[in-house]
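The structure under discussion appears below in the form of structure tokens.
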Amino acid sequence: MPILRLKINKVYMITHKILYPLKFEPILKEKVWGGTKLITRFNKKSSKENIGESWEISDVDGDESVVSNGALAGQTLPEVLETYKEQLVGKHVYDHFKNKFPLLIKFIDAKKPLSIQVHPNDQLAQERHNSFGKTEMWYIMDAEENGNLIVGFKKDSNTSEYLEHLENKTLMEILNEDKVAFGDVYFIPTGRVHAIGAGVMLAEIQQTSDITYRIYDWDRPDKEGNYRELHTDLALDAIDYTAQETYKSAYVTAYNKPIELVSCEYFTTNELIVNNNIYVAESDKDSFVIYMCVSGSCSIQYNNGSDENLEKGQTVLIPAALKNYSIHAKHEARLLEVYIK
């Protein structure tokens with residue numbers, strides 16, 4: 001029996017040595033509302049126009065991320081997850097989600113406004129689409145003058161009032177609109193009506209789901225002259241008609257320590273600003289950790305000297321088994337730290 005345990009421990013040590021901070025090839029999405037900032041500012045590679053989204057880490061069917069660095073380069077995220085299981089995502093996460101990575105990580109550039117939309121909760125999404133629901137959050141990375149978001153209702157509404165304004169194309173009379181700036185944070189639970197306005201670039205963290213109910217699309221055709229499908233009937237019982245006093249998340253910025261922005265059952269996101277310093281990561285999380293660099297640059301050092309650089313607009317996945325690493329910033333790096341509690 002002791003010999004068997006020794007063999008298991010040896011295999012465990014070997015697989016731990018193989019795992020390292022993982023980067024993935026961005027999956028770029030052309031959108032009718034997309035722009036050029038993801039290419040010009042973040043150096044994403046594409047010959048397409050109107051790139052609206054860069055899917056940084058994805059396990060959405062048909063859009064699975066591919067590792068771009070190190071010994072696992074060329075393998076898909078599902079392949080890596082199937083091999084390493086809880087060593088990649090953590091025991092608690094793996095026990096719950098098995099071989100499905102639970103989060104979809106994006107950068108979004110809205111040259112034009114997105115459609116007004118809503119996402120279904122887990123129950124509706126499972127019944128209708130055999131999918132997770134779509135709870136998400138936004139961190140504003142850039143906003144041009146008058147850059148805005150549509151989030152929620154101005155006051156409590158109901159189905160009949162909503163349908164009347166939808167039919168009359170006067171939805172903005174009852175929907176809340178916020179002007180935004182760098183660093184603003186918005187939590188978008190399922191059921192909350194929302195849209196990203198023109199001139200806004202942001203980081204988005206969400207459940208692994210691509211289910212969106214499009215409510216209103218500004219009566220605009222795509223480049224082929226077609227109008228995108230609306231989902232009026234599906235949206236009706238997905239919408240939360242109650243209003244909130246404010247929709248923007250409040251937090252206080254600090255340096256060289258994580259500051260919680262949003263925490264829910266699906267993900268926790270912290271802001272981490274490393275300023276002319278070295279941040280040594282905690283090692284008690286039973287979860288993967290994702291870092292999205294929203295400004296500046298840094299390097300992640302691990303395994304006694306190995307390192308992985310992280311520039312603005314890049315994302316890295318730290319496997320749950322990699323407990324000892326540090327983040328080094330020569331000047332300042334502002335990161336979003338994402339994991340599951």
Side-chain angles (χ1 to χ4, degrees), residues 103-110 113-114 116-119 121 133-157 172 174-207 239-275 277 279 281-282 285 287 289-296 312 315 327 329 332-341:
L103 297 181
L104 173 56
I105 305 297
K106 301 178 183 178
F107 292 116
I108 294 178
D109 170 28
L114 276 68
I116 301 175
Q117 55 193 243
V118 72
H119 304 307
N121 61 28
K134 192 175 177 183
T135 291
E136 61 189 24
M137 68 154 287
W138 296 332
Y139 183 99
I140 308 302
M141 297 177 65
D142 185 51
E144 296 175 7
E145 187 176 0
N146 297 320
N148 72 301
L149 303 175
I150 296 168
V151 186
F153 289 89
K154 293 178 181 177
K155 59 181 181 62
D156 289 354
S157 187
M172 291 311 301
I174 61 172
L175 295 181
N176 175 69
E177 188 174 7
D178 281 5
K179 189 174 179 179
V180 293
F182 176 81
D184 286 348
V185 172
Y186 285 81
F187 178 56
I188 312 294
T190 55
R192 184 164 293 171
V193 174
H194 61 276
I196 303 171
V200 175
M201 185 165 60
L202 55 80
E204 180 176 272
I205 296 100
Q206 61 162 91
Q207 291 177 266
I239 294 173
D240 179 359
Y241 296 96
T242 59
Q244 304 295 320
E245 186 175 339
T246 183
Y247 293 94
K248 184 165 70 172
S249 299
Y251 69 99
V252 178
T253 294
Y255 292 95
N256 303 309
K257 64 177 183 179
I259 299 298
E260 187 172 282
L261 305 177
V262 168
S263 188
C264 64
E265 62 181 298
Y266 304 108
F267 54 80
T268 294
T269 300
N270 300 327
E271 181 186 63
L272 174 61
I273 305 174
V274 184
N275 184 12
N277 211 325
Y279 170 74
E282 296 179 4
K285 295 183 180 68
S287 171
V289 180
I290 292 169
Y291 290 104
M292 306 178 75
C293 186
V294 296
S295 70
K312 181 180 179 180
T315 304
I327 300 173
E332 180 176 298
R334 189 178 300 244
L335 309 173
L336 300 183
E337 179 184 67
V338 184
Y339 59 97
I340 296 177
K341 286 186 177 178

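Small disclaimer: the values here were computed from a predicted structure and weren't measured. Position 1 is the first residue of the sequence, and the numbers go up from there.
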So OH of Tyr251 and OG1 of Thr269: to nearest 0.5 Å the spacing works out to 11.5 Å
Review point. Going through the checks in order, is the side-chain hydrogen bond (donor to acceptor under 3.5 Å, both in side chains) test met by Asp178 and Tyr186?
Key: CA-CA 10 Å; Asp178 281 5; Tyr186 285 81; 2.8 Å; yes
Inset, instruction - State, with a plain yes or no, whether a side-chain heavy atom of Val180 is found less than 4.5 Å away from one of Trp138. - result: no
Q) Does the side-chain contact (heavy atoms from CB on, under 4.5 Å) test come out yes or no for Val185 and Met137, once each step is laid out? A) CA-CA 7 Å; Val185 172; Met137 68 154 287; 3.8 Å; yes
In this structure, OG1 of Thr135 is separated from NE2 of His119 (nearest 0.5 Å) by 9.0 Å
Closest non-hydrogen atoms of Pro258 and Glu337, given as atom of the first, atom of the second and distance, are CB-OE1, 3.7 Å
Notebook entry, point to check: Do the ring planes of Phe153 and Tyr241 sit parallel (below 30°), tilted (30 to 60°) or perpendicular (above 60°)?
Noted result: tilted
Glu271 and Arg334 have their tightest heavy-atom pair at OE2-NH1, 3.1 Å
When rounded to the nearest 0.5 Å, the distance separating CG of Leu149 from CG of Leu202 is 7.0 Å
message = Looking at Val274, is its backbone amide N or carbonyl O close enough to the side chain of Asn277 to form a donor-acceptor pair, meaning the two atoms are under 3.5 Å apart?
response = no
The reported gap from CD1 in Ile196 to CD1 in Ile140 (rounded to nearest 0.5 angstrom) is 7.5 Å
### Query
Between Tyr139 and Phe182, what is the ring plane arrangement, given parallel below 30°, perpendicular above 60°, and tilted in between?
perpendicular
Between the CZ atom in Phe187 and the CZ atom in Arg192, the distance rounded to the nearest 0.5 Å is 7.5 Å
- Message: In the structure I gave you, are the side-chain heavy atoms of His194 and Ile150 within less than 4.5 Å of one another anywhere?
- Response: no
Between the CD1 atom in Ile205 and the CD1 atom in Ile105, the distance rounded to the nearest 0.5 Å is 5.5 Å
Closest non-hydrogen contact found for Ile259 with Ala254 is CD1-CB, 3.7 Å
Checklist entry - Going through the checks in order, is the side-chain contact (heavy atoms from CB on, under 4.5 Å) test met by Met292 and Thr315? => result CA-CA 4 Å; Met292 306 178 75; Thr315 304; 4.0 Å; yes
I'd like to know whether Glu136 forms a side-chain contact (heavy atoms from CB on, under 4.5 Å) with Gln207, so could you lay out the CA-CA distance, the side-chain angles of the two residues, the decisive distance to 0.1 Å, and finally the verdict.
CA-CA 7 Å; Glu136 61 189 24; Gln207 291 177 266; over 6 Å; no
Heavy-atom nearest pair, Asn275 first then Asn256, reads N-OD1, 3.0 Å
What one should report as the nearest heavy-atom pair of Ser287 and Ile340 is OG-N, 3.1 Å
Looking only at heavy atoms, the pair that brings Ser263 and Thr268 closest together is OG-OG1, 2.9 Å
CA sep, side-chain torsions, deciding dist, call: Ile327, Tyr291, side-chain contact (heavy atoms from CB on, under 4.5 Å):
CA-CA 10 Å; Ile327 300 173; Tyr291 290 104; 3.7 Å; yes
| query | Within the distance-only criterion (no hydrogens, no angle test), does the side chain of Asp109 pair as donor or acceptor with the backbone N or O of Met201 below 3.5 angstrom? | reply | no
| Between the main-chain N or O of Ala243 and the side-chain N or O of Asp156, is there a donor-acceptor pair closer than 3.5 Å? | yes
Practice problem: With the side chain counted from C-beta on, respond yes when Tyr339 and Asn270 share a heavy-atom pair under 4.5 Å apart, and no when they do not. | Solution: yes
